[in-house]
Amino acid sequence: MKLYLTSLLILMGITLGNAQNFTYGLKAGTNFTNGGQIKGHPHYEINNNGIKEKVYWDGISQGQSKTGFHGGAYCEIDFKDFFLRPELVYTSIKSEFTFPNRSSIYSLQRLDVPLLLGYNAAHFLGFYAGPVYSPYLSNSFSYKESTIIKENGEDVYYEGNTLNKPDLPVNLQLGIKSQFSGIGIDLRYEHSLSKSDPEKIDIFNQDVGRDVNGVNVATVEDAALSQIILSLTYDISELYSSKNFRRSRGYSYSRRRRAR
C-alpha cells in the first residue's frame with residue numbers, strides 16, 4: 001500500500017509540471033456485483049433401514065448481485081487529448097449466496113485507490129482504464145460459524161464470520177465518463193485480478209438445529225467479486241475558480257470607482 005501511494009504521489013508530481021489543466025472533485029454512487037462461488041459438502045448417514053443417505057447440501061451456489069455504494073474524491077490531470085485520474089474511494093459491496101433454507105450475504109468494505117489513464121474523445125466525453133489497489137477494511141459472511149483448516153491430518157476450527165483476504169488485492173477498471181457544467185456521470189466495469197485460496201467453512205443455515213438438507217460444511221471456491229459501478233461526480237475546482245473569478249472582478253471594479 002505504501003509503495004503504491006508513494007509511486008502515485010511521485011507520478012502526480014511529475015505530471016503536474018506538464019499538465020495543461022488540473023481539476024478535482026467529489027464522487028458517489030452505486031455498484032452492482034457479480035462473481036463468487038460456494039460448493040457444499042454432503043455428509044452420509046445410515047438410516048433405520050440400514051440404507052446410506054446423503055445428508056446436508058452438496059450443490060453449488062453462485063454469487064448473486066446485491067446493490068452496494070461508494071463515495072470519495074478524485075483529481076484529473078489533463079494533457080491535451082489524454083488525462084490521468086487518481087481517486088480515493090470508500091466502497092461497500094454485497095453479494096448473496098442462495099442455499100436450500102435461506103440465503104447468506106457476503107459483505108465487504110474496501111478502500112479503493114484507482115489510477116486511471118484516459119482519452120478525451122470530445123469536450124464532454126472520455127474513456128479510461130487502469131489498475132485499482134483495493135485493501136480490505138472488513139468483511140463478513142452471514143451464518144458462517146468457522147473456517148475449517150487441516151492441521152496434522154485433523155480438522156481445526158477457527159471461529160469467526162470473515163472470509164480470507166486475497167494476497168494482492170488488485171483489480172482492473174475500464175469505463176466512460178461525461179461531464180456538463182461541473183456535474184458528471186461515470187460508468188465503469190471492474191474486473192477482479194485478485195485470487196484467494198479455497199476456504200473450507202462451516203455454515204449454520206438453520207434457525208434451530210441442523211436439519212436434513214441444511215448446508216453444514218462448504219468450500220468457498222471463489223470469493224472474488226467484479227462490479228458495475230455508476231457514479232455522479234461534482235467538480236469542486238470549477239466552483240472555486242468561478243468564485244475567485246467573481247471576487248477578482250469585484251475588486252477591480254471597486255478600485256476603478258475609487259480612482260474616479
Side-chain angles (χ1 to χ4, degrees), residues 31-47 49-68 91-110 112 132 134-173 189-229:
N31 31 278
F32 309 92
T33 61
N34 63 79
Q37 179 173 291
I38 296 177
K39 181 179 181 180
H41 291 248
H43 172 68
Y44 294 91
E45 295 182 356
I46 306 298
N47 64 16
N49 298 321
I51 300 174
K52 188 177 183 181
E53 290 184 340
K54 181 176 65 179
V55 184
Y56 302 137
W57 175 75
D58 66 341
I60 295 177
S61 180
Q62 303 286 347
Q64 300 177 15
S65 180
K66 296 286 286 184
T67 303
T91 301
S92 177
I93 300 172
K94 290 185 178 181
S95 184
E96 181 176 10
F97 292 87
T98 302
F99 300 119
N101 296 290
R102 61 185 176 188
S103 298
S104 291
I105 303 297
Y106 178 46
S107 301
L108 171 63
Q109 290 73 45
R110 308 184 324 199
D112 292 338
V132 187
S134 302
Y136 287 22
L137 300 176
S138 64
N139 77 79
S140 65
F141 186 76
S142 55
Y143 311 122
K144 173 181 175 291
E145 292 188 304
S146 58
T147 292
I148 306 166
I149 298 176
K150 284 279 187 182
E151 290 186 0
N152 299 322
E154 297 183 357
D155 286 342
V156 179
Y157 292 77
Y158 291 93
E159 294 184 358
N161 68 339
T162 62
L163 295 184
N164 287 338
K165 300 177 182 179
D167 294 333
L168 184 62
V170 176
N171 305 307
L172 176 67
Q173 290 185 355
Y189 171 73
E190 178 184 280
H191 177 69
S192 176
L193 300 177
S194 59
K195 296 291 183 182
S196 57
D197 293 333
E199 179 179 1
K200 194 176 181 182
I201 61 174
D202 189 29
I203 305 175
F204 189 74
N205 198 239
Q206 300 294 318
D207 291 320
V208 179
R210 294 189 183 276
D211 296 339
V212 173
N213 295 322
V215 176
N216 197 23
V217 178
T219 298
V220 182
E221 296 185 330
D222 182 12
L225 300 176
S226 297
Q227 298 184 82
I228 295 176
I229 306 169

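Heavy atoms only: backbone and side chains are in, while hydrogens, waters and symmetry mates are out.
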[X] side chain near [Y] side chain, heavy-atom distance below 4.5 Å:
| X | Y | value |
| --- | --- | --- |
| L225 | Y106 | yes |
| T67 | K94 | no |
| E190 | L172 | no |
| V132 | V170 | no |
| K150 | V156 | no |

Between [atom1] of [X] and [atom2] of [Y], what distance do you get to the nearest 0.5 Å?
| X | Y | atom1 | atom2 | answer |
| --- | --- | --- | --- | --- |
| T219 | I38 | OG1 | CD1 | 9.5 Å |
| S104 | F97 | OG | CZ | 9.0 Å |
| N164 | D197 | CG | CG | 7.5 Å |
| I203 | E145 | CD1 | CD | 9.5 Å |
| H191 | N34 | NE2 | CG | 10.0 Å |
| Y136 | S196 | OH | OG | 7.0 Å |

(request) Quick one: list whatever passes ring pair (Phe, Tyr, Trp, His ring centres under 6.0 Å) with Y143, sequence neighbours left out. (result)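 None.
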
(request) With sequence neighbours excluded, tell me which residues meet side-chain hydrogen bond (donor to acceptor under 3.5 Å, both in side chains) with S194. (result) S192

(request) Step through the shown structure and confirm whether more than 12 heavy atoms of other residues, nucleotides or ligands are within 6.0 Å of CD1 on I228. (result)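 Atom CD1 in I228 is not packed in, count stays at 12 or less.
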
(message) Would you say NZ of K200 has more than 12 non-hydrogen atoms from neighbouring residues, nucleotides or ligands within 6.0 angstrom?
(response)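 It does: K200 NZ has more than 12 such atoms within range.
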
(message) Tell me whether the rings of F141 and F99 are parallel (<30°), tilted (30 to 60°) or perpendicular (>60°).
(response)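 Aromatic pair F141/F99 classed perpendicular.
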
Where [X] and [Y] come nearest, the two heavy atoms and their spacing:
| X | Y | answer |
| --- | --- | --- |
| Y56 | H41 | CB-O, 4.4 Å |
| P100 | W57 | CG-CD1, 3.3 Å |
| N171 | L193 | OD1-N, 3.6 Å |
| N139 | L163 | OD1-N, 2.8 Å |
| D222 | A224 | OD1-N, 3.0 Å |
| Y189 | Q227 | CD1-O, 3.2 Å |

Are a donor atom and an acceptor atom from the side chains of [X] and [Y] found within less than 3.5 Å of each other?
| X | Y | answer |
| --- | --- | --- |
| E199 | T147 | yes |
| S134 | D112 | yes |
| E96 | S103 | yes |
| E221 | Q37 | yes |

(message) Apply side-chain contact (heavy atoms from CB on, under 4.5 Å) to residues S146 and Y158 and explain how you reach the verdict.
(response) CA-CA 5 Å; S146 58; Y158 291 93; 5.8 Å; no

(request) Could you walk me through whether I229 and Q173 pass the side-chain contact (heavy atoms from CB on, under 4.5 Å) test, one step at a time? (result) CA-CA 10 Å; I229 306 169; Q173 290 185 355; 3.7 Å; yes

(message) Please determine whether side-chain contact (heavy atoms from CB on, under 4.5 Å) holds for the pair V220 and I201, giving the CA-CA distance in whole Å, both sets of side-chain angles, and the decisive distance to 0.1 Å.
(response) CA-CA 7 Å; V220 182; I201 61 174; 3.6 Å; yes

(message) Regarding D202 and K144, does a basic nitrogen lie under 4.0 Å from an acidic carboxylate oxygen?
(response) no

(request) Check side-chain contact (heavy atoms from CB on, under 4.5 Å) between Q109 and all other residues, then give those that pass, not counting sequence neighbours. (result) Y90, S92, S107, L137, S138

(message) Determine whether D155 and I149 satisfy the following criterion, side-chain contact (heavy atoms from CB on, under 4.5 Å), listing intermediate values before the conclusion.
(response) CA-CA 6 Å; D155 286 342; I149 298 176; over 6 Å; no

